[in-house]
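Step one of this worksheet: look at the structure below.
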Protein chains: 2
Amino acid sequence: MVQSIDPGQAFPARCDYHSGCRERLLSAAESLCRESGTSLTANRRAVLDILSESHHSLGAYDILERMDAGAGRRPGPAAVYRALEFLSGLGLVHRLGSRNSWFACSRPGEHRGRSQYWICANCGVVGETESEEIAQILPELALSMAFRLDRVSIEIEGECRGCQLQIKG
Amino acid sequence: MVQSIDPGQAFPARCDYHSGCRERLLSAAESLCRESGTSLTANRRAVLDILSESHHSLGAYDILERMDAGAGRRPGPAAVYRALEFLSGLGLVHRLGSRNSWFACSRPGEHRGRSQYWICANCGVVGETESEEIAQILPELALSMAFRLDRVSIEIEGECRGCQLQIKG
DNA sequence: CGGCAAGTGCTATAATATATCATTCCACGA
DNA sequence: TCGTGGAATGATATATTATAGCACTTGCCG
Ligand SMILES: [Zn+2]
Ligand SMILES: [Zn+2]
Ligand SMILES: [Zn+2]
Ligand SMILES: [Zn+2]
């Protein structure tokens, strides 16, 4: 198995309106729910829809604000957090601890907590890579420390190519 | 340069009352302040003292609660956050985004944002490694994406050796 | 129908973090 | 000695993020 995500393709373009990202996410959601005997309820679906509108990360309350589109009424924060917990449990969305925000997974079902999150501080877009090397090294390190590794979070902040070009020229 | 932190030594023992950790941290604090033309004020020193009492991470408000020991009065949250911002800027303490908490650096001055944080979900102790391989891979990945890498955060949650032994037998 | 489990609505509240502006402190030069 | 300026802090208020608790609804299965 080689590098499973081509790094050149890992970072979504600034105005990428999803050549299939949403559709992939939704179909992954449905199959993951089926497999796990759970269901993609309206509330969960709404949160997933909102996050999958772009590759930006959103705060839970940003998501909440967008929940009233259509229906006149808005749920409480707990509804959003419950959906986020459910969706992140399936790997459909991820949380950025460095920013207390959430984003839709770019490769649902293709990684199991082994990806790296690349956050552009300028445009807010988040990309994902899945480095084969890192996937090997961390368990080795853990073994040498006799540490049982449960969850890994790798967040890289910087500036994406698009923003660098735009700002400089 | 080989692995700069022996992984076997990276995770502090559960009841390690610091064979020199505090002293190292304090002397690093003083020299880093000198170098950067800043000063280790009483407020900053107090926060550093509290965090360096153990290898556990603490919430900002946990730190705040311990600030009155001795003097009868307690500062506001802002004082704690200001100290934390200052100290983390010098690499003397680190923030755990996955838990919104803070801990004292185990190797102040020895790494520049290149370490991995190992968090024991059972005892709360946090260890640090500095993997040479990861320090190489991430910039390479960034280059291949034309992403300007500014800050990296790697947090690994699991269970330390001590806790595994204790629980199992 | 009755009982159960999963999910949600609703309200309150906890936990984390920052904004703003007045005040203190101290080094430094007049 | 005095005034001045910058860094740090105090104090208060408020913003932001997240969870607890409990009643209610819904759909399923016997
Ligand atoms: Zn993902
Ligand atoms: Zn960007
Ligand atoms: Zn450190
Ligand atoms: Zn432990």
Side-chain angles (χ1 to χ4, degrees), chain A residues 29-30 32-51 56-68 71-90 92-103 124 153 155, chain B residues 29 32-51 56-68 70-90 92-103 124 153 155:
Chain A
E30 280 163 354
L32 286 169
C33 285
R34 213 176 310 119
E35 288 168 21
S36 62
T38 56
S39 63
L40 189 62
T41 63
N43 181 43
R44 294 163 177 176
R45 171 72 191 262
V47 169
L48 192 60
D49 277 344
I50 288 166
L51 279 178
H56 292 74
S57 72
L58 290 178
Y61 283 76
D62 296 329
I63 296 170
L64 185 57
E65 278 176 14
R66 304 182 193 199
M67 295 279 279
D68 57 355
R73 203 182 27 171
R74 184 182 299 174
V80 173
Y81 281 102
R82 285 192 282 231
L84 288 171
E85 186 188 0
F86 174 84
L87 295 170
S88 62
L90 292 183
L92 294 164
V93 310
H94 306 300
R95 176 173 184 269
L96 293 178
S98 59
R99 317 194 139 203
N100 300 320
S101 64
W102 307 75
F103 69 99
S153 155
E155 302 182 14
Chain B
L32 286 169
C33 284
R34 213 178 309 119
E35 288 168 21
S36 61
T38 56
S39 61
L40 190 61
T41 63
N43 181 45
R44 293 162 179 175
R45 170 73 189 263
V47 169
L48 193 59
D49 277 345
I50 288 166
L51 280 178
H56 292 73
S57 72
L58 290 179
Y61 283 75
D62 295 330
I63 296 171
L64 185 57
E65 277 176 15
R66 302 181 193 200
M67 293 280 279
D68 58 354
R73 202 183 28 172
R74 184 184 299 174
V80 173
Y81 282 102
R82 284 192 281 232
L84 288 170
E85 186 188 0
F86 175 84
L87 295 169
S88 62
L90 293 182
L92 294 164
V93 309
H94 306 299
R95 176 173 186 270
L96 293 178
S98 60
R99 316 193 138 204
N100 300 320
S101 65
W102 307 75
F103 68 100
S153 155
E155 302 180 15

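These numbers were taken from a predicted model, which means no experiment stands behind them. Chain letters run A, B, ... following the sequence lines, proteins first, then strands; residues in each count from 1.
- Taking atom CG on Leu84(B) and atom P on dT9(D), their separation rounds to 12 Å, with Å as the unit.
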### Phe103(B) vs His94(B), ring-ring contact (aromatic ring centres under 6.0 Å, His included): CA-CA, chis, key distance, verdict
CA-CA 6 Å; Phe103(B) 68 100; His94(B) 306 299; 5.3 Å; yes
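- The separation between Arg74(A) atom CZ and dT8(C) atom P is 18 Å, rounded to whole Å.
- Atoms CD1 (Ile63(A)) and C1' (dT16(D)) sit 14 Å apart, rounded to a whole Å.
- Distance Arg45(A) CZ to dT8(C) P: 14 Å, rounded to the nearest Å.
- Atom CD of residue Glu30(A) and atom CZ of residue Arg45(A) lie 6.5 Å apart, to the nearest 0.5 angstrom.
- Remark on DNA chain C: of its neighbouring residues Gly76(A) and Ala83(A), the 5'-side contact belongs to Ala83(A), judged by nearest-heavy-atom nucleotide.
- No donor-acceptor pair under 3.5 Å is formed between the side chain of Glu155(B) and the backbone N or O of Leu96(B).
- In this structure, CG of Leu64(B) is placed 13 Å from P of dA15(C), rounded to the nearest angstrom.
- The phosphate of dA7(D) has neither OP1 nor OP2 within less than 4.0 Å of any side-chain N or O from Thr38(B).
- To the nearest 0.5 Å, atoms CG (Leu87(B)) and CH2 (Trp102(B)) are separated by 9.5 Å.
- For the atom pair CD1 of Ile50(A) and CD of Glu65(A), the computed distance is 10.5 Å after rounding to the nearest 0.5 Å.
- Between Asn43(A) atom CG and dA6(C) atom C1' there is a gap of 13 Å when expressed in whole angstrom units.
- Residues Ile63(B) and Leu84(B) have side chains in contact (heavy-atom distance under 4.5 Å, counting atoms from C-beta outward).
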Table of protein N/O atoms under 3.5 Å from nucleotides 16-20 of chain C N/O atoms:
{"unit_1": "dA17(C)", "atom_1": "OP1", "unit_2": "Arg95(B)", "atom_2": "NE", "d": "3.3"}
{"unit_1": "dA17(C)", "atom_1": "OP1", "unit_2": "Arg95(B)", "atom_2": "NH2", "d": "2.8"}
{"unit_1": "dA17(C)", "atom_1": "OP2", "unit_2": "Tyr81(B)", "atom_2": "OH", "d": "3.0"}
{"unit_1": "dA17(C)", "atom_1": "O5'", "unit_2": "Tyr81(B)", "atom_2": "OH", "d": "3.4"}
{"unit_1": "dA17(C)", "atom_1": "N7", "unit_2": "Tyr61(B)", "atom_2": "OH", "d": "2.7"}
{"unit_1": "dA17(C)", "atom_1": "N6", "unit_2": "Tyr61(B)", "atom_2": "OH", "d": "3.2"}

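- Atom CG of Leu96(A) and atom C1' of dT17(D) are 14 Å apart (whole Å).
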